[in-house]
Amino acid sequence: MTTVAADLLPPNAGVLNAGLLGGDERRQRLAMFGLSVPALVLVALVLLVPFSWLAWLSFFDASGALSGENYARLLRPAYVNSFLSTLQVSAAVTAICILLGYPVAYLLSQLPQRVAQVLLVFIILPFWTSVLVRTYAWLVLLQREGVINTWLKQLGLISESLPLVNNLTGTIIGMVHVMLPFLILPLYSSMRAIDPVYLRAAANCGASPAQSFRQVFLPLSAPGLGAGAALTFVLCLGFYLTPALLGGGRVAMWSTQIADAVSKFANWGAASALSVALLVVTGIILWAMKWAVRRLGSSLGEG
């Protein structure tokens with residue numbers, strides 16, 4: 001019967017079916033492209049046009065002449081040191097957020113969903129307050145005669161006020177408070193999606209709770225951890241308000257260099273070159289972090 005049906009088909013039936021399927025695929029691609037056109041236009045207007053404008057301005061010096069002076073200036077020690085300081089502060093804040101945020105996200109993921117949703121309100125609550133207000137609140141708490149130093153003196157733990165503000169310490173404390181929700185939220189979402197069956201299967205295979213966490217839970221939560229760490233690190237690279245206020249001008253961040261180039265020297269070319277360089281470095285770091293997270297997840301899974 002099958003042989004008879006096959007004999008009744010035209011000899012080029014396979015070619016015709018392939019052509020019809022190819023046509024359907026092309027029409028679906030065109031339809032999907034048509035649906036994505038508004039998003040592409042929005043991305044072009046919001047990202048590509050401003051970036052192109054910055055890149056164009058970066059090739060003009062203070063006198064308006066076409067020059068590569070702005071990029072050559074980036075090799076000066078002051079700019080190199082501020083860039084290294086920006087990387088160090090961003091890495092320190094990201095590492096502290098991971099140390100503080102991972103246990104919190106893990107605890108939330110293990111709680112019943114209703115309880116976790118109530119506790120998530122306290123994680124999101126800082127977003128309801130302006131970053132400027134929160135930074136000034138930390139300024140009041142950390143200053144030499146502030147609340148923290150006053151309490152420590154009253155408890156007899158210190159005799160002199162600790163330098164907690166207008167330095168690197170205050171900057172990191174304030175930035176960690178602002179950035180911590182940005183790590184907890186994607187990490188909690190990733191952990192919540194992990195099926196508990198995997199952990200029970202590992203236990204049934206003889207794995208201890210520590211082994212189940214290290215070989216099963218940690219690799220499965222690596223994408224969320226990588227997304228949260230990348231988001232935190234990138235936001236720290238361009239953070240201006242908290243380092244400017246809590247750092248007291250003593251913490252050299254690249255964002256403060258950009259602001260000074262515009263507000264103090266009115267040099268849009270130098271500010272544009274700094275912005276373009278920061279954006280390029282951010283893209284390279286994001287690619288490196290994505291690669292590192294993939295390697296970390298695969299190595300943990302194999303271990």
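Each residue takes its place number in the sequence, starting with 1.
Distance check: Thr282 OG1 to Leu235 CG gives 10.0 Å after rounding to the nearest 0.5 Å. Of the inter-residue distances, the one linking Tyr188 atom OH with Leu111 atom CG reads 8.5 Å to the nearest 0.5 angstrom. Within the model, atoms CD1 of Ile194 and OG of Ser221 stand 5.0 Å from one another, a figure rounded to the nearest 0.5 Å. Taking CH2 of Trp53 as the reference point, atom CG of Leu48 lies at 15.5 Å (rounded to 0.5 Å). Separation of atoms CG (Leu120) and OG (Ser189) is listed at 10.0 Å; rounding is to 0.5 Å.
For the pair Ser58 (side chain) and Ala55 (backbone), a donor-acceptor distance under 3.5 Å is present. Within the 3.5 Å criterion, the main-chain N or O of Phe33 finds a donor-acceptor partner in the side chain of Ser36. Side-chain atoms of Asn149 come within 3.5 Å of backbone atoms of Gln143 as a donor-acceptor pair (strictly under, hydrogens ignored).
Using a 4.5 Å heavy-atom threshold, the side chains of Tyr106 and Phe213 count as touching. Using a 4.5 Å cut-off on side-chain heavy atoms (C-beta onward), Tyr102 and Met191 make contact.
Aromatic pair Phe217/Tyr198: ring centres not closer than 6.0 Å.
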Without placing hydrogens or testing angles, list every side-chain donor-acceptor pair under 3.5 Å for residues 91-100, not counting sequence neighbours.
| unit_1 | atom_1 | unit_2 | atom_2 | d |
| --- | --- | --- | --- | --- |
| Thr94 | OG1 | Ser90 | O | 2.7 |

Using residues 162-169 as the side-chain source, report each donor-acceptor pair under 3.5 Å to any protein atom, sequence neighbours left out, with the distance given to one decimal.
| unit_1 | atom_1 | unit_2 | atom_2 | d |
| --- | --- | --- | --- | --- |
| Asn167 | OD1 | Thr169 | N | 3.3 |
| Asn167 | OD1 | Gly170 | N | 3.1 |
| Asn167 | ND2 | Pro163 | O | 2.6 |

For a quick test of your reading: what N or O donor-acceptor pairs under 3.5 Å do the side chains of residues 172-185 make, sequence neighbours left out?
| unit_1 | atom_1 | unit_2 | atom_2 | d |
| --- | --- | --- | --- | --- |
| His177 | ND1 | Trp138 | NE1 | 3.1 |

Determine all donor-acceptor pairs shorter than 3.5 Å in which one atom belongs to a side chain in residues 204-211; sequence neighbours excluded.
| unit_1 | atom_1 | unit_2 | atom_2 | d |
| --- | --- | --- | --- | --- |
| Asn204 | ND2 | Arg200 | O | 3.2 |
| Ser208 | OG | Gln211 | N | 3.2 |
| Gln211 | OE1 | Ser208 | N | 3.1 |

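Cluster note: Leu42 groups with Val43, Val46, Leu47 through ILVMFWY side-chain heavy atoms spaced under 4.5 Å, whether in direct contact or through intervening members.
The two residues Leu237 and Leu278 have their closest heavy-atom pair at O-CD2, 4.0 Å. Val251 and Ser85 make their closest contact through CG1-OG, 4.4 Å (heavy atoms, listed as atom of the first residue, atom of the second, distance). Nearest heavy-atom pair, Gln257 versus Ser82, reported as atom, atom and distance to 0.1 Å: NE2-CB, 3.6 Å. When all heavy atoms of Leu57 and Ser272 are compared, the pair lying nearest together is CB-OG, 3.4 Å.
Listed by chain and residue number, nothing satisfies the side chain to side chain donor-acceptor pair (under 3.5 Å) test with Thr86 (two or more places apart in sequence, or in another chain). Not counting sequence neighbours, the partners of Glu69 by the side chain to side chain donor-acceptor pair (under 3.5 Å) test are Arg73. Every ring pair (Phe, Tyr, Trp, His ring centres under 6.0 Å) that Tyr71 has, sequence neighbours left out, goes to Phe59. For Tyr240, there are no ring pair (Phe, Tyr, Trp, His ring centres under 6.0 Å) partners two or more places apart in sequence or in a different chain. Residues passing the ring pair (Phe, Tyr, Trp, His ring centres under 6.0 Å) test with Phe60, sequence neighbours excluded: Trp56. Remark: Thr242 pairs with Thr135 by the side chain to side chain donor-acceptor pair (under 3.5 Å) rule, at least two apart or across chains.
Transitive grouping of hydrophobic side chains (ILVMFWY, heavy atoms separated by less than 4.5 Å) brings Trp128 and Leu119 into a common cluster. Under the 4.5 Å side-chain heavy-atom criterion for ILVMFWY residues, no single connected hydrophobic cluster contains both Val234 and Val281. Hydrophobic clustering (side-chain heavy atoms under 4.5 Å, transitive across Ile, Leu, Val, Met, Phe, Trp, Tyr) keeps Val133 apart from Phe127.
Sorted by first and then second residue, the salt bridge (charged side-chain N to carboxylate O under 4.0 Å, His left out) pairs with a member in residues 136-149 read Glu145-Lys153; sequence neighbours excluded.
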